> 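Structure below; questions to follow.
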Amino acid sequence: MDLESPAGRVFVRGDRSRPFLERHPWVRATSIERIEGNPADGQVVDLVGKGDRVIARGIYEGRGGIRVRLYSWDTRQRLDASFWRDRIGRAVMLREMLGLTRPSEACRLIFSEADGLSGLIVDRYRDYVVIQVGSVGMAQRLPILSAAIGDLVRPAAMLVRVEPELRRSQGDAYADGVLSGNRPSGPIVIEEHGLKFGVDLLEGQKTGFYLDQRENRSAAARYAEGRRVLDMFCYTGGFALDCAKIGKAGEVLGFDGSDRAVTLAQANAQMNGAANVRFAVGDAFQTLGNLRKEGERFGMVILDPPKFAGGKSSVADALRAYHSLNRLGVELLEPGGVLVTCSCSGYVTREDFFNMLFGVAQQTRREIQILEMRGAAPDHPTLVTCKETNYLKCFICRVW
Ligand code: SAH
């Protein structure tokens, strides 16, 4: 199958061209009037607007929630191996510029739309590379993409993970596996801020570690000294261990719904000699309610829940969930306590999140001072023409 030259033309509905002219990369079914040329999944198509004018070039996916992912607004650009190599090169260069190349550490090398490579996420964990594919187009081009990544990064092993949504829509045509080198025999150990973390590359969540929170973990730790800290949604203990070891917290309690994550968090605590940390399995809402009933109080509460809004239609429900979660968190804080509250839902804007906290302040009658409004670490850049890449909010607040 030809994966380089345009195999069809996708015509945008009359009034729907604007976002694509403005270089937003996602074309959904609702924006499409008709398709000419019968392109197959993964083939290159031209997106055509008013007056037959070609707007951009992208890759077609007939069953995807995003029907066309756009990659170039230079309408003569061939989406060939050298094009992909160039994009990957630019992405890798950014991480070098950021100084995220220390061999014992981890970073995100490629962040999908934010790096002009919609559907492709690549993380480096020490000398392992994990490629996460989220579109048919990227899955079909894996040989080209992984060859380019291999040449630039020279990893000991490359693993691939298929996003669950893609796997479902493609009837398990694509599977997780090892592209080159050896499969790790257990969690591999990376360093972050001098702490050690075991990362489960094949079974862990996402690609294994929440690298986007790297700088926010340090930021939170700066407020932790002497405090009793509650880390809800602790996963493998990122925030908890930063607060315990670097922030010199008095005591840290971490909870997560996943027992796999908690087991790894406990191992991580041991590996770092953190004696003042305890991890347990627990549902966040239930645990917060129980702690409150038991009259527990904390000097710091960290809330880093999973994505609550998967699309525009679930934003209202998500905001209600953020509200009750943050309300429970605030109620556990002693006066002058610190709330570190996060949202990784791209559809919930910073303003929505701010307004949610306004609601919490009203209902709890507590005073909430925002000290820092943070985002993702810079190896997760925000592309201004794709607002959804500005997905992570991490607000650090003082609460009276
Ligand atoms: N703070 C972590 C990342 C958290 S990701 C870090 O820095 O590494 C979100 C976590 O929420 C996941 O580990 C997931 O297992 C957990 N989770 C999801 N739903 C939950 C629930 N209802 N109660 C508790 N934990 C939950």
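First listed ligand is number 1; within each ligand, the first listed atom is number 1. From a predicted model like this one, the values you see are computed outputs, not experimental measurements.
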> Geometry only, no angles: is Arg217 polar-contacting ligand 1 at N/O separations under 3.5 Å?
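In this structure, Arg217 places an N or O atom under 3.5 Å from an N or O of ligand 1.
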> May I ask you to list the atoms of ligand 1 that are less than 4.0 angstrom from any heavy atom of Ser258?
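Here the atoms of ligand 1 in question are 15 (O).
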> So for ligand 1, is Asp256 a polar contact partner (N or O within less than 3.5 Å, distance only)?
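Right, the criterion is met.
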> Give a yes/no verdict on whether any heavy atom in Gln286 is under 4.0 Å from an atom of ligand 1.
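Gln286: no contact with ligand 1 (<4.0 Å).
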> Does the side chain of Ser314 pick up a donor-acceptor pair with the side chain of Asp317 at under 3.5 Å?
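There is no such pair between these side chains.
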> Can you tell me if Thr236 and Tyr210 form a side-chain donor-acceptor pair at under 3.5 Å?
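Distance-only check fails for Thr236 and Tyr210.
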> Judged by modelled atom types alone, do Gln213 and Asp304 share a side-chain donor-acceptor pair under 3.5 Å?
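There is such a pair (donor and acceptor under 3.5 Å, judged by atom type) between the side chains of Gln213 and Asp304.
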> May I ask you to list the atoms of ligand 1 that are less than 4.0 angstrom from any heavy atom of Ala284?
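Going through ligand 1 atom by atom, the ones under 4.0 Å from Ala284 are 21 (C), 23 (N), 24 (C).
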> Heavy atoms only: which of Gly238, Pro306, Cys234 is nearest to atom 19 (N) of ligand 1?
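It is Pro306 that holds the nearest heavy atom.
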> Could you tell me, atom by atom, which parts of ligand 1 come under 4.0 Å of a heavy atom of Gly282?
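Ligand 1 atoms under the 4.0 Å threshold to Gly282: 23 (N), 24 (C).
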> Applying a heavy-atom cut-off of 4.0 Å, say which part of Ala261 lies close to ligand 1: side chain, backbone, both or neither.
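Within the 4.0 Å criterion, Ala261 makes no contact with ligand 1.
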> Please work out whether any backbone atom (N, CA, C, O) or any side-chain heavy atom from C-beta onward of Met232 is under 4.0 Å from ligand 1, and answer side chain, backbone, both or neither.
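Met232 to ligand 1: no contact under 4.0 Å from either part.
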> With a 3.5 Å cut-off and no angle check, do the side chains of His24 and Thr385 form a donor-acceptor pair?
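On atom types as modelled, these side chains do not qualify, holding no pair under 3.5 Å.
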> Looking at every heavy atom in both Phe285 and Ser324, which two are closest together, and how far apart are they?
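That closest heavy-atom pairing would be CE2-OG, 4.0 Å.
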> Name the option, out of Leu325, Leu288, Asp304, Thr236, that contains the heavy atom nearest to atom 3 (C) of ligand 1.
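Selected option, by shortest heavy-atom distance: Asp304.
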> Quick test of your reading of the structure: of Phe239, Tyr235, Phe233, whose heavy atom lies closest to atom 17 (N) of ligand 1?
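Nearest heavy atom to atom 17 (N) of ligand 1 lies in Phe233.
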> Are the charged groups of Arg95 and Asp379 less than 4.0 angstrom apart, N to O?
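Result for this pair is no, no salt bridge flagged.
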> Might you confirm whether atom CZ of Arg374 has over 12 heavy atoms from other residues, nucleotides or ligands at distances under 6.0 Å?
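Yes, because the 6.0 Å sphere around CZ of Arg374 holds more than 12 heavy atoms from other groups.
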> Side chains of Tyr322 and Ser343: is there a donor and an acceptor less than 3.5 Å apart?
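Checked: Tyr322/Ser343 side chains pair up, N/O donor to acceptor below 3.5 Å.
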> Using a 4.0 Å cutoff against the non-hydrogen atoms of Gly257, which atoms of ligand 1 qualify?
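Near Gly257, the atoms of ligand 1 are 24 (C), 25 (N), 26 (C).
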